[in-house]
Amino acid sequence: MNTPDDLDARLTRRHADLLVLGGQVVTPAGIERLDVACLGGHIVALGELRRSWSAESTLEAAGLHVLPGVIDTQVHFREPGLTHKETLEAGTRGAVLGGVTGVFEMPNTSPLTLTPEDLAAKFDRADGRAWCDHAFYIGGSAVNAERLAELERLPGCAGVKVFMGSSFGDLLADDDTVLRRILRHGRRRLAVHAEDEARLRERRVLVEASGDVCDHPRWRDPRSALMATRRIVAMAAESWRRLHVLHVSTADEMAYLAHHKRRVSVEVTPHHLTLCAPECYRRLGSLAQMNPPVRDDGHRQALWRAIRDGVVDVIGSDHAPHTREEKARPYPDSPSGMTGVQTLVPIMLEHVHQGRLSLPRLADLTSAGPARLFGIEGKGRIALGYDADLTLVDLSARRTISDAWIASVSGWTPYHGQSVTGWPITTVIRGRTVMRDEALVGRPQGQPMAFLEGTPTPSVENPASR
Ligand code: DOR
C-alpha cells in the first residue's frame, strides 16, 4: 500500500510502479516516442526515462502505439436481471481484452436503474468483479423525473439516459410533458436514444406483414430518428440543457445536428460505421438487427463525413448482447442488439488502417472526447497527473475476429470471420496491467469513475500534484 509519504519518497527516488518503454505515445501534442512512468495510479513522468527511472515492473512497448485508455460510453451489461445475456464480470472482461479501460453502463436492466438503491446495487455487484473502471447511467422516466437533479449527482453516476423510442426493456419517455419534466430537473448532459415512438408503433405493421429483417431500417426509418432528434433538441433548448444524442445513424440527423453543436454532442457506433444494409441483413439475419438500425451506404458515408467534419464527438459501442436463441426468434420478435465492447478497438483500428481516420482522431473520439463531454475526473489523455490508463495497440498485427474470442456471456460477434489490421495488445488501468500480450492478468480491480459535476469524491493521492 502506497502512503502519501511512500509516494513522495518514490517520486524523489524516481522509482515507479510501472514503466512503459519505447512506445509511440499518442499525447495531446501528437504522436511521440516516449516512456511513461506510472506511480500511485497516475502518470508521473513522460520522456526519455529508461536510464533515469526504475520501476517495480516494465512493459516494453517498442513497435506499439500507446493510446490514452479507451472509454466506451455506451454498454449494456444486463446485470441485474438478465445475466443469461451478459454480466458485469464478463462484459468488463471483454472490455479489457479489447483494450477498453472504462465503460458507461446503461439503465435498461431488470430492475431498471431509477433510484439511488438501484445504482448502489450495481456498484456493489461491480465491486471485485469489474475488470475495468465504470460508471452507471440513471434512467430518466415519469416515475423519477423530479428526483433527477439529485440522482445525476450521485458518485459514479454517468448522467441520465432517456429512451424516446422503445428498444429493449421497459424504459421509455416518449411524451413531451414527461421529457420536459426530465429536462427541467438536472444540469448534466442528458443522453438520449432518439427514435420517435409514435411513428415506430404506427409503422410496425410493415414488418409484421413481411417478417423480413431486411425491412428493419424501413420500419425504423430515417424519419423516425430525425423526428425524435429534432423534438428533443428543441425541448432541450427551452431549458438550456446540454444533450448527448446516442448512436446517430442517419445523414439527415447529421445535417441537422451540425447546426446545434454548441450544446449537443454526437455519438456514432462502430457497427453503423462498418456494416451496411441490405448486405448485412442478408448475411447475418437478425444478428445485424440493432436500434437504431444499420442503414445503407449513403447514411454510412454521411457518418464518416461527420467524423471528418468534427460533428461527431465520441464513438460508443452500444454493446447490447442477446443470446443466439433469442436472436433466432422470428423477426420482428427477435430482440435488437449485438455485442461490441470487445471489438470496438479492433474494428476502429481497421478503419485507421484503411485510412478513414487518423490515430489521434480516434483517440479523441474514444478518450479525450468522453472525458471532455462528461467531465470524467483524471481520464482521457496521456499527460502528467492523469490516471495511468493506457491502451497499447499494434497497428500492424493482423488478426481474425472470432466468436471464440468474445468474452460476452452471449458468445457471438457480428464480425466473426473478419480480418483486421491493428489489435489491442496490452491494457493498463490506473498503472495496473490487466491485459498483457493479449491475455488477462490478475483479478478484477475496476473502480467507479468520478465526475466533475457529480458529488465530489475524496481527493485521491496524486504524486504528480506535489
Ligand atoms: O438495439 C438496441 N438494443 N439498441 C439499444 O439502444 C438498446 C439495446 C438493448 O438494450 O438491447
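Along the sequence shown, residues are numbered consecutively beginning with 1. Please read these numbers as outputs of a predicted model, since none were measured by experiment. In listed order, ligands and their atoms are each counted from 1.
Ring geometry for His247 against His272 counts as perpendicular: the plane angle is over 60°, on a 0 to 90° scale with 30° as the lower cut. Under the 30°/60° scheme for interplanar angles, the aromatic rings of Phe451 and Phe104 are found to stand perpendicular. Using cut-offs of 30° and 60° on the angle between ring planes, the pair Tyr331 and Trp219 is perpendicular.
Near Gly337, meaning under 4.0 Å from any of its heavy atoms, are these atoms of ligand 1: 1 (O), 3 (N). Below 4.0 Å from some heavy atom of His322 lie the following atoms of ligand 1, by number and element: 11 (O). Near Ala320, the atoms of ligand 1 lying under 4.0 angstrom from a non-hydrogen atom of the residue are 3 (N), 8 (C), 9 (C), 11 (O). Near His247, meaning under 4.0 Å from any of its heavy atoms, are these atoms of ligand 1: 6 (O).
Contact annotation for Glu195 and ligand 1: no heavy atom of the residue comes within less than 4.0 Å of the ligand. When heavy-atom distances to ligand 1 are checked against a 4.0 Å cut-off, Gln289 has no atom that comes that close, whether in backbone or side chain. Contacts with ligand 1 closer than 4.0 Å are made by side-chain heavy atoms of Asp318 only, the backbone lying farther away.
An N or O contact shorter than 3.5 Å links Asn108 to ligand 1 by distance. Here's the thing with Ser336: one of its N/O atoms is less than 3.5 angstrom from an N/O atom of ligand 1. On a distance-only criterion, Lys161 and ligand 1 share no N/O pair closer than 3.5 Å.
A salt bridge links Lys261 with Asp313: the distance from a Lys NZ or Arg NE/NH1/NH2 to an Asp or Glu carboxylate oxygen falls below 4.0 Å. Ion pairing between a basic and an acidic side chain is recognised when a charged N comes within 4.0 Å of a carboxylate O; Arg295 and Asp252 show no such pairing.
Between the side chain of Arg282 and the backbone N or O of Ala277, no donor-acceptor pair lies under 3.5 Å.
Residue Arg78 holds the heavy atom nearest to atom 9 (C) of ligand 1 of all those in Met106, Arg78, Glu86, Met290. Comparing heavy-atom distances from atom 1 (O) of ligand 1 across Leu246, Val75, Asn291 singles out Asn291 as nearest.
No side-chain heavy atom of Glu326 sits under 4.5 Å from any side-chain heavy atom of Ser410.
Side-chain atoms of Ser224 and Arg203 form no donor-acceptor pair, as typed in the model, at a separation below 3.5 Å.
The number of heavy-atom neighbours closer than 6.0 Å to CZ of Arg187, taken from other residues, nucleotides and ligands shown, is 12 or below.
The protein heavy-atom contact nearest to atom 6 (O) of ligand 1 is His193 ND1, 3.2 Å. Remark: minimum distance from atom 5 (C) of ligand 1 to any protein heavy atom is reached at Ser167 OG, 3.3 Å.
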